[in-house]
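For reference, the structure discussed in these notes is given below.
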Amino acid sequence: MRKIVSFLFFIFVFCLAALGQQDPQYTNNMFYKLGVNPGIAGSQDAIRGIILNRYQWTGFEGAPKTMVFSADAPVMVFGAPSGIGLNMINDKLGPEENVWVNLNYAYMRSLRTANLGIGLSLGVFNKSIKGEWEVPDDDLGIYIDPASDPAIPQGEASQVVLDAGLGLYLEGVNYYAGISVTHLNQPAVKFSDLATTYLARHYYLTGGYNIKLPDPLIELRPSFLLKSDLAGWQLDVNANLVFNNRFWGGVSYRLQDAVSLLFGMELINGLSVGYSFDLTTSAIGRYGYGSHEVFLSYSLNVEKNRSRKYKSVRFL
C-alpha cells in the first residue's frame, strides 16, 4: 500500500509541474467518476446510474451546457469479477457540439485491504459545428468573421472518430484513489486539409477519504481531482459533510476558477439528488456569471459472490 501511495504522489507532483482541457468539467466529480476513469465500473455490488446536467456561466451567450447519462454494474466474465459501464455525454459550446459514447470494462482484483479495478474504455466521439455562426461585437468592439480564417469550417461540418481510455481505481473501506487517461489514441478530427484538430490526452488523478467524526452519524469526506493535458492543469479540492449517509453539504474550490457550494440527499432507498452552484472567481466572474449543476442518481444493490472482503458504504 505504501508503494501505491508513493506512486500516486509522484504522479501528482509531476502533473503539478505541467502548465485548457477539452473534456467537460464537473463540480460533482466525486459522484460521477466513470466519465474519466473506466476502472470504477462495477466497483460496488450495485447497478448504478446517474443523469447529470451542467449549465456553465448561465446568462452568457453560447455558454457551455453538458448533459450526461452514465451507468455501470458488476458482472462475471469467464469466472472473473468484472464491471461494465456506459457513458453518453453531450457537450455544447457556442456553435460547437461534442458527443461521446463509450463502453467501459474493468477487471476487478481483490487486494489485502482494498479492491483494484483495471479499466478500459472504447467508443466514438463526434464533433459538429453549426453552418452559420459568428462571434458578435462585445463591449470592447471585438468582432471575428469566421470566413476570414480558412481553418474554421464553412457551412455545417461533422466528424466521428474512435476514442479510447485507460484507468486504475483503488477503493478501500474509507478511501479511494484513481489514475486514468482519456483520449489515449489522440484521435484527429479532420473537417478539411486546413480545418483539423485532435483530442489531446487528458490525465486524471483523484482521491478521497471518509473521516469519522465523534458523532457516529456524521462523516467528513474530503476529495480532490487533478486533471491535465500537459499543456495546462486544473485542481478541484472538495469537502462534503454527510449526515446519516443520506444528507450532504459541502464546498469545493477549483483553483483560479470557482468556489462551489454542494447540496444533496437520498430521497428514497437508492435514489439521490444533488445540486451545486459555482461562484466564478476567474476574470469572467466580473460579469456576474455563475454555473449550476444538478444530478439524479440511483443505486440498486445486487447479491453476487464476488470474493469481496468488505461492502463499501460510499454512495454514488
Side-chain angles (χ1 to χ4, degrees), residues 20-26 29 32-42 48-56 61-73 75 83-106 118-135 144 146-147 149-167 180-204 227-232 234 293 295:
Q21 287 94 16
Q22 296 165 307
D23 287 353
Q25 65 182 12
Y26 310 101
N29 54 74
Y32 175 52
K33 300 190 283 288
L34 185 62
V36 300
N37 192 334
I40 194 178
R48 303 177 298 178
I50 185 170
I51 298 173
L52 183 149
N53 284 354
R54 178 176 176 82
Y55 305 94
Q56 189 163 323
E61 185 178 356
K65 296 180 181 179
T66 307
M67 293 173 285
V68 172
F69 171 76
S70 177
D72 72 291
V75 295
I84 57 173
L86 169 69
N87 279 307
M88 301 176 67
I89 303 170
N90 181 282
D91 186 48
K92 295 182 179 180
L93 173 59
E96 182 178 303
E97 182 173 2
N98 300 315
V99 177
W100 289 265
V101 178
N102 61 52
L103 297 174
N104 301 264
Y105 169 78
I118 305 170
L120 168 68
S121 70
L122 291 174
V124 294
F125 169 79
N126 173 245
K127 179 182 286 290
S128 59
I129 296 178
K130 296 179 182 178
E132 296 181 0
W133 65 280
E134 65 179 22
V135 178
I144 299 175
D149 189 345
I152 299 177
Q154 302 303 308
E156 293 188 2
S158 179
Q159 286 292 320
V160 178
V161 295
L162 296 176
D163 192 23
L166 292 173
S180 58
V181 55
T182 59
H183 318 309
L184 183 65
N185 54 325
Q186 299 195 103
V189 181
K190 186 175 183 180
F191 295 111
S192 67
D193 291 337
L194 294 176
T196 302
T197 186
Y198 72 96
L199 292 178
R201 293 190 188 101
H202 285 53
Y203 302 90
Y204 294 85
K227 42 195 169 182
S228 174
D229 62 357
L230 300 187
Q234 195 169 67
E293 196 171 292
F295 72 85

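All of these numbers come straight from a predicted model, not from anything done at the bench. Counting from 1, the numbers follow the sequence of the chain as shown.
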Nearest 0.5 Å please: distance from the [atom1] atom of [X] over to the [atom2] atom of [Y].
X: Asp23; Y: Gln234; atom1: CG; atom2: CD; answer: 11.0 Å
X: Tyr105; Y: Leu103; atom1: OH; atom2: CG; answer: 13.5 Å
X: Lys92; Y: Lys65; atom1: NZ; atom2: NZ; answer: 7.5 Å
X: Ile89; Y: Met67; atom1: CD1; atom2: CE; answer: 11.5 Å
X: His183; Y: Ser121; atom1: NE2; atom2: OG; answer: 9.0 Å

Shortest non-hydrogen contact from [X] to [Y]?
X: Leu93; Y: Ala63; value: CD1-C, 4.4 Å
X: Gly167; Y: Ser180; value: CA-CB, 3.7 Å
X: Ala41; Y: Gly85; value: CB-N, 4.1 Å
X: Pro24; Y: Trp100; value: CD-CH2, 3.6 Å
X: Pro187; Y: Val161; value: CB-CG2, 3.7 Å
X: Asp72; Y: Ile40; value: OD2-O, 3.9 Å

- Item | Validation row: Phe125, Val189 side chains within 4.5 angstrom (heavy atoms) | yes

- Item | pair Tyr204-Thr182: side-chain heavy atoms closer than 4.5 Å |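 Counting from C-beta outward, Tyr204 and Thr182 do come under 4.5 Å.
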
- In a check of side chain to side chain donor-acceptor pair (under 3.5 Å) between Thr66 and each of Asn53, Asp91, Asn90, which one passes? Asp91

- Under 3.5 Å, side chain of Arg54 to main-chain N/O of Glu293, donor-acceptor pair present? no

- Under the side chain to side chain contact (heavy atoms under 4.5 Å, CB included) rule, collect the residues that match up with Asn87, sequence neighbours excluded. Tyr32, Leu34, Ser70, Asn102, Asn104

- Pairing residues for Leu120 by the side chain to side chain contact (heavy atoms under 4.5 Å, CB included) criterion, not counting sequence neighbours: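 In terms of side chain to side chain contact (heavy atoms under 4.5 Å, CB included), with neighbours along the sequence ignored, Leu120 is linked to Leu122, Leu166.
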
- Item | With Lys127 via salt bridge (Lys or Arg N to Asp or Glu O under 4.0 Å) - residues at least two apart | Glu96

- Message: Are more than 12 heavy atoms, taken from residues, nucleotides or ligands other than Met88, located less than 6.0 Å from that residue's CE atom?
- Response: no

